[in-house]
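Only heavy atoms go into these numbers, but all of them, side chains included; no hydrogens, no water, no symmetry mates.
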Amino acid sequence: MMDEFKPSKIDKLRLNALYNHLRDAYDGHEGVRGRADQSAVTYELLAPIIVAGEESPDEAAIRERSIELLFSKKDLKPASHRQAFYKLCAKADLLGSLYSISSKRCAGVLAGWRQQ
């Protein structure tokens with residue numbers, strides 16, 4: 001999970017490494033990790049990668065290999081949409097390791113509604 005993704009704020013070398021990792025995960029390639037003794041360890045890339053942030057990847061190949069979800073406060077204006085969002089927030093623990101991130105986001109959105 002990568003939160004607060006902003007490619008405009010990441011230096012080109014790190015961004016290219018991240019994009020290569022995303023491509024490798026999609027294509028089913030192995031990951032490679034270097035060791036202090038100059039040897040390398042390979043491993044399968046099995047877990048999904050979740051990238052959340054205000055900006056999308058600026059490379060077309062990455063966007064084509066992704067499922068992009070866009071959210072806006074106006075999407076939650078109808079009462080039925082808010083009720084569904086409340087239900088998701090109440091069951092955020094079902095998201096496993098994403099729980100802390102999802103519960104923080106839910107709390108932030110709910111606090112914003114209370115102020116309006």
Side-chain angles (χ1 to χ4, degrees):
M1 170 74 186
M2 175 183 286
D3 202 1
E4 299 298 331
F5 177 70
K6 291 185 184 178
S8 63
K9 303 287 184 188
I10 301 173
D11 70 83
K12 197 70 169 164
L13 187 64
R14 286 184 181 214
L15 189 60
N16 286 337
L18 173 63
Y19 286 169
N20 284 336
H21 191 71
L22 293 173
R23 272 190 232 93
D24 287 345
Y26 178 84
D27 295 335
H29 297 156
E30 292 181 329
V32 179
R33 219 36 225 240
R35 291 184 173 170
D37 66 0
Q38 302 299 309
S39 64
V41 177
T42 60
Y43 54 93
E44 287 185 86
L45 300 172
L46 299 174
I49 299 173
I50 300 170
V51 179
E54 296 176 8
E55 298 177 16
S56 297
D58 52 4
E59 189 176 304
I62 300 299
R63 286 193 312 272
E64 290 170 3
R65 291 172 165 96
S66 305
I67 299 172
E68 188 171 10
L69 303 173
L70 304 173
F71 297 100
S72 168
K73 283 185 180 180
K74 67 181 174 182
D75 293 334
L76 298 172
K77 285 225 185 244
S80 61
H81 293 187
R82 276 197 310 280
Q83 284 304 109
F85 186 77
Y86 286 131
K87 285 180 185 179
L88 285 173
C89 289
K91 302 208 182 275
D93 58 323
L94 296 177
L95 296 174
S97 63
L98 298 177
Y99 172 72
S100 63
I101 292 168
S102 61
S103 63
K104 287 177 190 172
R105 288 190 184 272
C106 286
V109 171
L110 296 175
W113 283 336
R114 287 186 194 109
Q115 292 174 356
Q116 292 176 356

CZ of R82 to NZ of K77: how many Å apart, nearest 0.5 Å?
8.5 Å
Value for CD (E4) from CD (E55), rounded to nearest 0.5 Å, stands at 10.5 Å
For [X] and [Y], which heavy atoms make the closest approach, and how far apart are they?
X	Y	value
R63	P57	NH1-O, 2.8 Å
V32	A40	CG1-CB, 3.8 Å
H21	L45	CE1-CD2, 3.6 Å
S56	P7	O-CG, 3.4 Å

Are M2 and L15 connected in the hydrophobic side-chain network, where two residues link if heavy atoms are under 4.5 Å apart?
yes
Flag yes if F5 and I50 sit in one hydrophobic cluster, no otherwise; membership is Ile, Leu, Val, Met, Phe, Trp, Tyr, and two members link when side-chain heavy atoms are under 4.5 Å apart.
no
In the structure I gave you, are the side-chain heavy atoms of L18 and V51 within less than 4.5 Å of one another anywhere?
no
Contact between D58 and Y19 at the side-chain level, heavy atoms closer than 4.5 Å - yes or no?
yes
Which salt bridge (charged side-chain N to carboxylate O under 4.0 Å, His left out) pairs, counting each pair once, include a residue from residues 33-43, with sequence neighbours left out?
none
For residues 8-32, pull every pair meeting salt bridge (charged side-chain N to carboxylate O under 4.0 Å, His left out), keeping only residues two or more places apart or in separate chains.
D11-R14, R23-E59, D27-R65
Do side-chain atoms of Y26 reach the backbone of I62 as a donor and acceptor pair under 3.5 angstrom?
no
